[in-house]
Amino acid sequence: MASMLLRRRRISALGVSRVLQAVNGDSFRLGLEPKFETIASLGVRIRNFSSGNGTAKFDFTDLTRPHTWYPNARKKNRKVFLHVGPTNSGKTYHALKRLESSSSGVYCGPLRLLAWEVAKRLNKAKVPCDLITGQEKEEVDGAKHKAVTVEMADITSDYQCAIIDEIQMLGCKTRGFSFTRALLGIAADELHLCGDAAAVPLIQELLKVTGDDVQVQSYDRLLPLVPLELPLGSFSNIRTGDCIVSFSRKEIYRLKKKIETGGSHLCSVVYGSLPPETRTRQATMFNDASSEFDVLVASDAIGMGLNLNISRIIFSTLQKFDGLEMRDLTVPEIKQIAGRAGRYGSKFPWGEVTCLDATDLPLLHSSLKSASPILEQAGVFPSFDLIYMYSRLKPKRGLYRILEDFLENAKLSENYFFANCEEMLKVAAVIDGLPLSLHDKYLFCISPVDMNDEISSQGLKQFAETYARKGLVHLREIFTPGTLQVPKTPTALKELESIHKVLELYVWLSFRLEESFPDHELASSQKNICSLLIEEFLERLGWQKPRSKKLASITTLKSLMEDKKRRYFCD
């Protein structure tokens, strides 16, 4: 099965062989307690059946009442506020003001960038706030507030106030279950849900059985969004504040070069596979009025997570490849992206949206006039506790077969669907033959690995194999002063992005298996250098005129390297 899921191809010398190197270490096995939820509490969260002889029996595959999995939240009479409206309507702002004034609270966002932004905002307002994501944990003395990615939401703590941002993502096929878990499981006196009005009927239905008091607050855009009647036309019509949206990395590079060839504008670049730090810096350059980078070329990654001072959104196309086929953008996708124009507080009094191609204008206009389809189901996925208890019934099976059997036999109510666990199954197929505990296998399966990326998937495989064999995984130092090189081609850039994914994976594992993945500091430093090399490539790409000043990233990079030499090359 593993050989079918992973297709091998040749990787250059900068690839896997340079990313990973297992070194000899003392062999040991970690006696880890499950960190997901306590198995001891499972009995109160699953349905109890009785057999004819009176023996208690549990149906571990009965997932029809997921609200009962969270006894802490059910003890509270939560007040739930739904803040719904379009992009740039102020809905999240109002929820954050309430969080800021609360005695304790948590913000749960879909992206690390959003968690960073909220943590920064609260700390600046003298409200101590911890930042917790899959890749970092920054604790502030005296903090009773947290800003987290939704997967890291703590359902065991009590809060006065909690926010779940972009709540409509509970309908996401891959990540929806994390939003459902937060919705049903966070124990807060006040729960503020921010997102699209399309989620309201489903959330009201899901919370009928929880006893929560639900109120809906609707918002309108703070600044108007104007759909233009004409396409862009010539690229000479590009102006400061424009954002051209494309769904192909190759096309993003082409558009950047084409715009900059005109000699009037320089372009920042944002797309999904860029490291979050790089995306943030590119956005910062675009937002800075004194910067030369006054135009943005981006993918749909701008749909959420970045505050951008965009005057006009220009769709290069209204079609995208979704992994299976080329298709038209959906109404919610078009509205989410178009709505980024005309941010309240920017220098632009309204937002505009158009297309490169006149034939796309009818779909654009009709989508902006349409309501988003009402969500009908929320994602769920079994916790480690349920998988563990179910595995006891099939002790000779590996995690892949256990997951397959569980999902095949599990029962759901009509309001829920199973999250797509294709990535988890791919990982399970690769590591099932290793002598690892079920808990360790599950941990690798939920890690942020991209199994469609050869370097990333091979990185995970080597990490898991070394951990299983030795119990200790060291990271090889990839970027050294003698080998430091900015990529020269998009292909080399893509490889660098893949290496960044492996470094992020190591950092993620180092937080959860600290003694076995001890090179957290090295991985973080290498990850920062990788991000700066990527950023330097993007700033050089398409540059058509002499630089008026040395790029900040070069200075930062040299400083990092000097610091790294002091820390990692001393005797």
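Below, each value reflects all heavy atoms present in this structure, side chains not excepted, and no hydrogens, waters or symmetry copies. Nothing here was measured: the structure is a model prediction, and the numbers come from that model.
Scanning all heavy atoms of the two residues, the minimum distance from V502 to S456 falls at CG2-CA, 3.8 Å. When all heavy atoms of H145 and L99 are compared, the closest pair comes out as NE2-O, 3.2 Å. Residues Y344 and N88 come closest through the heavy atom pair N-OD1, 4.2 Å. The two atoms that bring F381 and L403 nearest to each other are CZ-CD2, 4.2 Å, heavy atoms only. Closest of all the heavy-atom pairs between S391 and L438 is OG-CD2, 3.4 Å. Nearest approach of L375 to G171, heavy atoms of both residues: CD1-N, 4.4 Å.
The shortest distance between side-chain heavy atoms of N72 and K75 falls below 4.5 Å. Side-chain contact between M424 and Y442: present, with at least one pair of heavy atoms (C-beta onward) separated by less than 4.5 Å. A heavy-atom distance below 4.5 Å is not found between the side chains of L170 and F177. Put simply, the side chain of P128 does not reach to within 4.5 Å of the side chain of D141, judged on heavy atoms. Between L393 and F60, some side-chain heavy-atom pair lies under the 4.5 Å cut-off. Side-chain atoms of R175 and V150, non-hydrogen and from C-beta on, do get closer than 4.5 Å to each other.
Aromatic ring orientation, F517 versus F463: perpendicular (interplanar angle above 60°, classes split at 30° and 60°).
Between the side chain of Q282 and the backbone N or O of V269, at least one donor-acceptor pair lies under 3.5 Å. The closest donor-acceptor contact from the side chain of E166 to the backbone of G195 lies at 3.5 Å or more, if one exists at all. No donor-acceptor pair closer than 3.5 Å links the side chain of S516 to the backbone N or O of L513. Judged by distance alone, the side chain of S102 and the main-chain N or O of S104 form a donor-acceptor pair under 3.5 Å. Side chain of T180 to main chain of G176: a donor-acceptor pair is present (N/O by atom type, distance under 3.5 Å, no hydrogens or angles). Remark: side-chain polar atoms of E423 are paired, donor with acceptor, to backbone N or O of M451 under 3.5 angstrom. Remark: side-chain polar atoms of R392 are not paired, donor with acceptor, to backbone N or O of Y388 under 3.5 angstrom. R221 places a side-chain N or O within 3.5 Å of a backbone atom of T87 that can act as its donor or acceptor partner. The backbone N or O of P276 lies less than 3.5 Å from no partner atom in the side chain of R281, so there is not a single donor-acceptor pair. Within the 3.5 Å criterion, the main-chain N or O of L363 finds a donor-acceptor partner in the side chain of S366.
Of the listed residues (Q160, R98, K79), just one forms a side chain to side chain donor-acceptor pair (under 3.5 Å) with E190, and that residue is R98. With H83 as reference, H192 is the one residue of Q215, K91, H192 to meet the side chain to side chain donor-acceptor pair (under 3.5 Å) rule.
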**Report entry** Pair Y219-H94, ring-ring contact (aromatic ring centres under 6.0 Å, His included): steps then yes or no
**Finding:** CA-CA 10 Å; Y219 299 79; H94 287 280; 5.3 Å; yes
Query - From CA spacing to verdict: side-chain hydrogen bond (donor to acceptor under 3.5 Å, both in side chains), S498, D453 - result: CA-CA 7 Å; S498 297; D453 183 299; 2.5 Å; yes
Query raised in the report: Which is it for D212 and T210 under the side-chain hydrogen bond (donor to acceptor under 3.5 Å, both in side chains) test, yes or no, and what are the steps along the way?
Result: CA-CA 5 Å; D212 297 324; T210 63; 2.7 Å; yes
Report task. I would like to know whether I334 and D328 meet side chain to side chain contact (heavy atoms under 4.5 Å, CB included); could you show each step before the answer? Result -> CA-CA 10 Å; I334 290 174; D328 288 341; over 6 Å; no
Query raised in the report: Checking side chain to side chain contact (heavy atoms under 4.5 Å, CB included) for the pair V270/T278: CA distance, chi angles, key distance, verdict?
Result: CA-CA 8 Å; V270 171; T278 303; over 6 Å; no
Requested in this report: Could you walk me through whether K146 and M152 pass side chain to side chain contact (heavy atoms under 4.5 Å, CB included), step by step?
Outcome: CA-CA 10 Å; K146 303 182 192 317; M152 302 300 292; over 6 Å; no
Query raised in the report: What's the verdict on side-chain hydrogen bond (donor to acceptor under 3.5 Å, both in side chains) for R343 and N309, showing C-alpha distance, side-chain angles and the deciding distance?
Result: CA-CA 6 Å; R343 176 191 172 201; N309 296 331; 3.0 Å; yes
Query - Evaluation steps, side chain to side chain contact (heavy atoms under 4.5 Å, CB included), between K335 and S372 - result: CA-CA 9 Å; K335 294 173 73 172; S372 298; 4.1 Å; yes
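One distance of note links CD1 of I431 with SG of C445; it measures 4.5 Å at 0.5 Å rounding. Of the inter-residue distances, the one linking D158 atom CG with D154 atom CG reads 9.5 Å to the nearest 0.5 angstrom. Annotation: the span from T64 atom OG1 to D59 atom CG amounts to 8.5 Å, rounded to 0.5 Å. For the atom pair CH2 of W116 and CG of L111, the computed distance is 10.5 Å after rounding to the nearest 0.5 Å. To the nearest 0.5 Å, the span separating NZ on K208 from CD1 on I203 amounts to 14.0 Å. Between atom CD1 of residue I186 and atom SG of residue C108 there is a gap of 3.5 Å, rounded to the nearest 0.5 Å.
Environment of NZ in K120: sparse, with no more than 12 heavy atoms of neighbouring residues, nucleotides or ligands closer than 6.0 Å. No more than 12 heavy atoms of other residues, nucleotides or ligands sit less than 6.0 Å from atom NZ of K124. Taking a 6.0 Å sphere around CD of E325, one finds it holds more than 12 heavy atoms contributed by other residues, nucleotides or ligands. Annotation for E376: atom CD does not count as buried by contact number, only 12 or fewer foreign heavy atoms lying within 6.0 Å.
No side-chain donor-acceptor contact under 3.5 Å links D220 and S89. In the model, R74 has no side-chain atom that pairs as donor or acceptor with a side-chain atom of Y70 under 3.5 Å. N409 and T61 share no side-chain donor-acceptor pair at under 3.5 Å. Looking only at atom types and distance, the side chain of Y271 has a donor-acceptor partner in the side chain of E497 under 3.5 Å away.
Ring-centre distance between Y390 and F406: below the 6.0 Å cut-off. Taking the six-membered ring wherever Trp is involved, the centroid distance between the rings of F384 and H439 falls below 6.0 Å.
Taking the ring axis of F511 as reference, the NZ or CZ atom of K137 does not stay both within 45° of it and closer than 6.0 Å to the ring centre.
Checked for salt-bridge contact, E504 and R112 meet the test: a charged N lies under 4.0 Å from a carboxylate O. Under the 4.0 Å criterion applied to side-chain N and carboxylate O atoms, R181 and E151 are not assigned as salt-bridge partners. Salt bridge present: R327 and E333 bring a charged side-chain N and a carboxylate O closer than 4.0 Å. Using a cut-off of 4.0 Å between Lys/Arg side-chain N and Asp/Glu carboxylate O, K76 and D189 are scored as salt-bridged.
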